[in-house]
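What follows is one structure encoded as structure tokens, with my remarks underneath.
Lettering of chains follows the sequences in order, A, B, ..., and the numbering in each one begins at 1.
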Number of protein chains: 2
Amino acid sequence: MKNRLKVERAEQNLSQADLADRIGVSRQTINSIETGRYVPSTILSLKLAQVFGKPVEHIFTLEATD
Amino acid sequence: MKNRLKVERAEQNLSQADLADRIGVSRQTINSIETGRYVPSTILSLKLAQVFGKPVEHIFTLEATD
DNA sequence: TATTTATGTAAAATTAACTTGACATAATGG
DNA sequence: CCATTATGTCAAGTTAATTTTACATAAATA
């Protein structure tokens, strides 16, 4: 699964820590999702989508291998 | 988090087992998501959304307590 | 230069997702 | 009736998500 978190954060000028605070997870969780170390829960991706005002599908996309 | 899986399945006339086969998880996994026993991964919700041809947000919605 | 901010990562611990196998029940079709 | 299908759930096991603590490094800034 690919993600656009880094780009979306840049557009909103949010640090990983800022974003983590907004959705109530640790900074490392955001970093790990962003760098593809693990897949967030649907609750998390809905919250992230909400923060950026965009659909989940815009931020996370399945790849061929999924 | 609420979900509309039961309704979406009914519209497509899919059993829990059918749906499970389509996205490559066990029947119990679908049942557990549907009955709210656990929250699916984002990969799973993207696949479910894909099967029903609707956005993730249409199928899963955050509640006040999330 | 010293310090603060942002990021990446790692290890240990806990919780949650998911699987397999199994059993129960209700509804339906032969 | 009997068999099948659909659903709900449970228990045990494995894997993955998430937290906390911690350390390293690069960039920005006082």
Considering residues, nucleotides and ligands other than B/Arg4, do more than 12 of their heavy atoms fall under 6.0 Å from its CZ? yes
Please state how far atom [atom1] in [X] lies from atom [atom2] in [N], giving the value in whole angstrom units.
{"X": "A/Met1", "N": "D/dA16", "atom1": "CE", "atom2": "C1'", "result": "13 Å"}
{"X": "A/Leu14", "N": "C/dA6", "atom1": "CG", "atom2": "C1'", "result": "13 Å"}
{"X": "A/Lys47", "N": "D/dA17", "atom1": "NZ", "atom2": "C1'", "result": "14 Å"}
{"X": "A/Glu34", "N": "C/dT7", "atom1": "CD", "atom2": "P", "result": "7 Å"}

Contacts of A/Ser41 meeting side-chain contact (heavy atoms from CB on, under 4.5 Å) (sequence neighbours excluded), chain-then-number -> A/Ile43, A/Leu44, B/Val39
For B/Asp21, all residues meeting side-chain contact (heavy atoms from CB on, under 4.5 Å), sequence neighbours excluded: none
Who passes side-chain hydrogen bond (donor to acceptor under 3.5 Å, both in side chains) against A/Ser32, sequence neighbours left out? none
What pairs with B/Asn3 under side-chain hydrogen bond (donor to acceptor under 3.5 Å, both in side chains), at least two apart in sequence or on another chain? none
Closest contact, heavy atoms only, B/Pro40 versus A/Thr42: O-OG1, 2.8 Å
B/Tyr38 and B/Gln28: which non-hydrogen atoms are nearest, and at how many Å? OH-O, 4.4 Å
Check whether any side-chain N or O of A/Gln16 sits under 3.5 Å from a backbone N or O of A/Ile30 as a donor-acceptor pair, and report yes or no. no
B/Asn31 side-chain N/O to D/dG8 phosphate OP1/OP2 under 4.0 Å: yes
Reading 5' to 3' through nucleotides 12-30 of chain C, protein heavy-atom contacts under 4.0 Å coded B for base, S for sugar-phosphate only, - for none: -----SBBBBB--------
State, to the nearest 10°, the angle formed by the axis through the first five base pairs of the helix from C/dT1-D/dA30 to C/dG30-D/dC1 and the axis through its last five. 30°
Residues of residues 15-23 of chain A with any non-hydrogen atom less than 4.0 angstrom from an atom of DNA chain C: list those, numerically ordered, please. A/Ser15, A/Gln16
Using the salt bridge (charged side-chain N to carboxylate O under 4.0 Å, His left out) rule, collect all pairs that involve residues 48-57 of chain B, keeping only residues at least two apart or in two chains. B/Glu8-B/Lys54, B/Glu11-B/Lys54
Residues in salt bridge (Lys or Arg N to Asp or Glu O under 4.0 Å) with B/Lys6, at least two apart? none
State which residues pass salt bridge (Lys or Arg N to Asp or Glu O under 4.0 Å) with B/Glu34; sequence neighbours excluded, sorted by chain then number. B/Arg9
